[in-house]
Every structure is written in structure tokens, then in C-alpha cells.
Amino acid sequence: MNIIQCKELSKSFGRRQALQRVTCTIDAEKIIGIIGRNGAGKSTLLNIFAGYLKPTTGSCKVFNENPFNNIQTAANMIFIDDQLSFSDYLSLEDILKMGADFYPNWQNELAHRMLDYASIDLTAKHQQLSKGQLATFNLVYGLVSRCALTILDEPMNGMDEAIRTDFYRAILKEYLAFPRTFLITSHHLQEMESILEEILLIDEGSVIAHAPLDEFKEQLISLHGPSDELADLLSETEVYAQKIVAGMTSAVVDASKLFVSEEMLRTKGIQVSALTASEVCMYLTTKKGRDIDAIFD
Ligand SMILES: Nc1ncnc2c1ncn2[C@@H]1O[C@H](COP(=O)(O)OP(=O)(O)OP(=O)(O)O)[C@@H](O)[C@H]1O
């Protein structure tokens, strides 16, 4: 069952095109990483899913309805980002009580336990929290609401590494205890990889890949071997990066266009190695010929 369908969805802000003809479906009960470079269009897409923004053209359906300003879809989802704010008059404890009144699956005791673990004082006000504490509180708020669609836009921003590690586990534990759909954006893909089932990669407003994690990682492979043995092979496939040192070539290539078995490669002295999802994202979204050093030459 899918809970989000987008068809030819585009969004412009004046002359700036943030999303271009995005077509995708999001399945229920999956943890999906929405990945892309800065300005790729991730937050814009998530804001459309959450019903805060209207597409310029194309359609978006969430739980089979247009989510824009739709109370029905809003009741089944939660959107957590660093803009989330609450009244200055409320303590964190009051905010939790309000959450309990609003969300039918709310887990108040779990919220208290998680916030106690993170040493966050519930008598404090939301705007008195440090950047990392704020992110932690907001994430806990998102987790304990147990909404069918939980959207987390950069939920770990400002958290230190130890608490980030703990809360990736907390997301996974919560998902296992109460399966629902998580859409998570993060620039820390390497840290998050272990909890993701799928990756949706956005580049310059377009979805350029959407696949289960393993399939996504297998798109590209790294080859290392004698340059003369690799030259012909590289001319037949798409090369994403290449380095030649002392007659040896290292290259990252499109695995689907490489029609040679790993065994054959090994007999030619070519080593094959897998990439991490984070590396695959980087290579798929790096503009060819870009070189930071060239700026300083
Ligand atoms: N309200 C807005 N007005 C004008 N342009 C906007 C607005 N919101 C987003 N944009 C533009 O749309 C593009 C996509 O922005 P978006 O915030 O969706 O990117 P992102 O992938 O979430 O980036 P980041 O990883 O840096 O948060 C950017 O070029 C941005 O400048």
C-alpha cells in the first residue's frame, strides 16, 4: 500500500524552480531517506507532503487526498523541522500535555523517559533550550506522536554525535514497536544508513533515484587496477570519478553498464569494491568537471 503519490509535480518560487516534474510513490511502513545536496528541493517536497505548500503544477496525494490545508491528512501526520515552535507561555511539560490531547496514539510516558535520558528539564520553556536540546525535544515530540506519516526534516541538526547515535536507535525502536512511514532528510547519511530501507535522491529539483538501500548502493562500483587493463572497460561505461597514479587507475563507474564478470576483472588484476550509500549519493550528484582547487588557481 502506498500513502503518497506524486505525479509530474513541480514547484516554483518566482523564477526559481525548486522541484521539476517529480513523480514518485511512497509506501506505508517504511523508513525512507530523502537525500540531496543543499538546495536540491528536499524541504520543498516535504512541505508539499505536509500540506504547507501547494505544487505549482502536477499533483500530490497523501492518504489519497490533496494534502494542502487539509485537516484530514494533517491529523495523520507530523512534520518536525527546526522551525517548529510553541507558545512562550508553555513549559515543555505543558507542550507534551497538549500533544497528548491532540494525537490519539501519543506516548506521554515514553516522552518523559526519553527527555529524562537526554537530561532535558521539563519545566523549561521551548525557546530556552540549546540548539541540540531543541532538536532532541522536537524529535521526541515527533516520535511519541506515533503518526502514520512522520516527516523529519534534518531532525538531528545541532545534536552532538552521541545523542544522534542514540536517537537513530530510538527511531528504529519506535518504528519496530509501532510501524509507520518515516521520511527523514539528513546530511549525515553515513550515520543514518543502517536504519533506512529506501533512499529517494533529489538533485536540482528532480528525483534521480528511488530504490531499496542495497539496490541503490549497487548502482555504482569502484574499480582499481592497471590503467592499460581498465582503459577499454572505462570507455564502455559511465565513469563518475577517475584517478591515475603510477600506471594504476581508480574509478567509480555505473555497474549496470559494465558487462564483465567480477571473476574476469580479477583475472586482469582489477579489484572491485562496493561503495557506501553516502558515496553513491555524492558521485551521482557531483557535477562533472567541478573542482574546488580550480577556484584558488
Ligand atoms: N520560500 C522560498 N522562496 C524562494 N525560493 C525558495 C523558497 N524555498 C525554497 N526556495 C528555493 O528552492 C530551492 C530548494 O530549496 P529547499 O529548501 O527545498 O532545498 P533543500 O534540499 O531542503 O536544501 P538544504 O539541504 O540546504 O536544506 C532552493 O534553490 C531554494 O533557494
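Atoms within each ligand, like the ligands themselves, are counted from 1 in listed order. Just so you know, residue 1 is the first one in the sequence shown, and it goes up from there.
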### Query
Would you call G36 a ligand 1 contact, heavy-atom distance under 4.0 Å?
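It does not, in that no heavy atom of G36 comes within the 4.0 Å cut-off of ligand 1.
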Which protein heavy atom lies closest to [atom], and at what distance to 0.1 Å?
atom	answer
atom 12 (O) of ligand 1	A18 CB, 3.3 Å
atom 4 (C) of ligand 1	F13 CB, 3.3 Å
atom 27 (O) of ligand 1	S43 OG, 4.2 Å

### Task
State whether the shortest distance between N or O atoms of E154 and N or O atoms of ligand 1 falls below 3.5 angstrom.
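Such a contact does not occur with ligand 1.
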### Query
Any N/O of A40 closer than 3.5 Å to an N/O of ligand 1?
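So ligand 1 has an N or O lying under 3.5 Å from an N or O of A40.
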### Query
Closest heavy-atom contact between K217 and T276?
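Taking every non-hydrogen atom into account, CD-C, 4.0 Å.
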### Query
Between I80 and L139, which heavy-atom pair has the shortest distance, and what is it?
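For I80 and L139, the tightest heavy-atom pair comes out as CG2-N, 4.3 Å.
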### Task
Between Q17, R37, R16, K11, flag the one that comes closest to atom 11 (C) of ligand 1 by a heavy atom.
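That would be R16.
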### Residue selection (non-hydrogen contact nearest atom 23 (O) of ligand 1) among G41, G39, G205
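Heavy atom nearest to atom 23 (O) of ligand 1 belongs to G39.
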For ligand 1, which atoms, with element, lie under 4.0 Å from some heavy atom of [X]?
X	value
H187	25 (O)
T44	14 (C), 15 (O), 16 (P), 18 (O)
N38	23 (O), 24 (P), 25 (O), 26 (O)

### Query
Hey, is CZ on F13 packed in by over 12 heavy atoms from elsewhere, all under 6.0 Å?
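Buried by this count: over 12 neighbours within 6.0 Å.
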### Query
Just wondering, are more than 12 heavy atoms of other shown residues or ligands nearer than 6.0 Å to CG in L176?
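Above 12, so yes.
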#### Entry: Sub-4.5 Å side-chain heavy-atom contact between I151 and F49
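They are in contact (side-chain heavy atoms under 4.5 Å apart), so the answer is yes.
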### Message
We want to know whether R37 and T286 form a side-chain donor-acceptor pair, criterion being a heavy-atom distance below 3.5 angstrom.
### Response
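Note: R37 and T286 side chains meet the donor-acceptor criterion.
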### Message
Hydrogens and angles aside, do Y117 and D166 bring a side-chain donor and acceptor to less than 3.5 Å of each other?
### Response
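Yes, side-chain donor-acceptor contact under 3.5 Å.
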### Message
Checking contacts here: is it the side chain or the backbone of K42 that comes within 4.0 Å of ligand 1, counting heavy atoms only? Could be both or neither.
### Response
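Both parts.
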#### Entry: Donor-acceptor contact present, side-chain T181 to main-chain E29, <3.5 Å
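Present.
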